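Please read the structure below before turning to the comments.
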Amino acid sequence: MVTSIRSVSLGTDVLPPHATTHGFLFFDLNHDFDAIRHSHVYIPDLAFMGSNKALFFFEIDLGAASTK
């Protein structure tokens with residue numbers, strides 16, 4: 001199982017300029033699947049290498065989409 005998961009996980013820590021990457025992020029919920037409704041992935045402090053100039057941050061709501 002570990003080999004299967006590692007083969008599809010996000011494969012890099014640093015991206016060179018104009019590059020992209022793909023993969024999956026995995027979270028251990030300890031079988032508490034109701035917690036996902038209130039979960040967010042928040043990635044702060046993204047910065048340019050060398051200058052440390054702030055790039056941006058983003059937040060992803062992992063809960064179900066609201067219906068309007």
Side-chain angles (χ1 to χ4, degrees):
M1 181 69 150
V2 172
T3 303
S4 297
I5 290 174
R6 284 192 181 157
S7 69
V8 296
S9 66
L10 195 59
T12 185
D13 293 333
V14 177
L15 292 174
H18 306 288
T20 60
T21 190
H22 67 277
F24 291 95
L25 298 173
F26 297 92
F27 303 94
D28 183 1
L29 298 175
N30 196 27
H31 302 287
D32 184 11
F33 298 108
D34 288 331
I36 198 76
R37 293 184 300 142
H38 308 289
S39 299
H40 300 266
V41 174
Y42 175 66
I43 302 176
D45 303 328
L46 293 175
F48 288 101
M49 277 182 62
S51 69
N52 262 355
K53 181 180 175 188
L55 184 58
F56 63 89
F57 72 92
F58 62 94
E59 182 175 1
I60 303 167
D61 184 1
L62 298 177
S66 62
T67 57
K68 294 186 179 197

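Small disclaimer: the values here were computed from a predicted structure and weren't measured. Any value given below was found using the heavy atoms of this structure, including those in side chains, with hydrogens, waters and symmetry copies removed.
Contacts of Val8 classified as side chain to side chain contact (heavy atoms under 4.5 Å, CB included), with partners at least two apart in sequence or in another chain: Phe24, Phe26. The side chain to side chain donor-acceptor pair (under 3.5 Å) check on His40 picks up Glu59, with sequence neighbours excluded. With sequence neighbours excluded, the residues satisfying side chain to side chain contact (heavy atoms under 4.5 Å, CB included) with Asn30 are Asp28. Every residue two or more places apart in sequence or in another chain was checked for a side chain to side chain contact (heavy atoms under 4.5 Å, CB included) with Ser4, and none qualifies.
Rounded to the nearest 0.5 Å, atoms CG (Asp61) and CZ (Arg37) are 12.0 Å apart.
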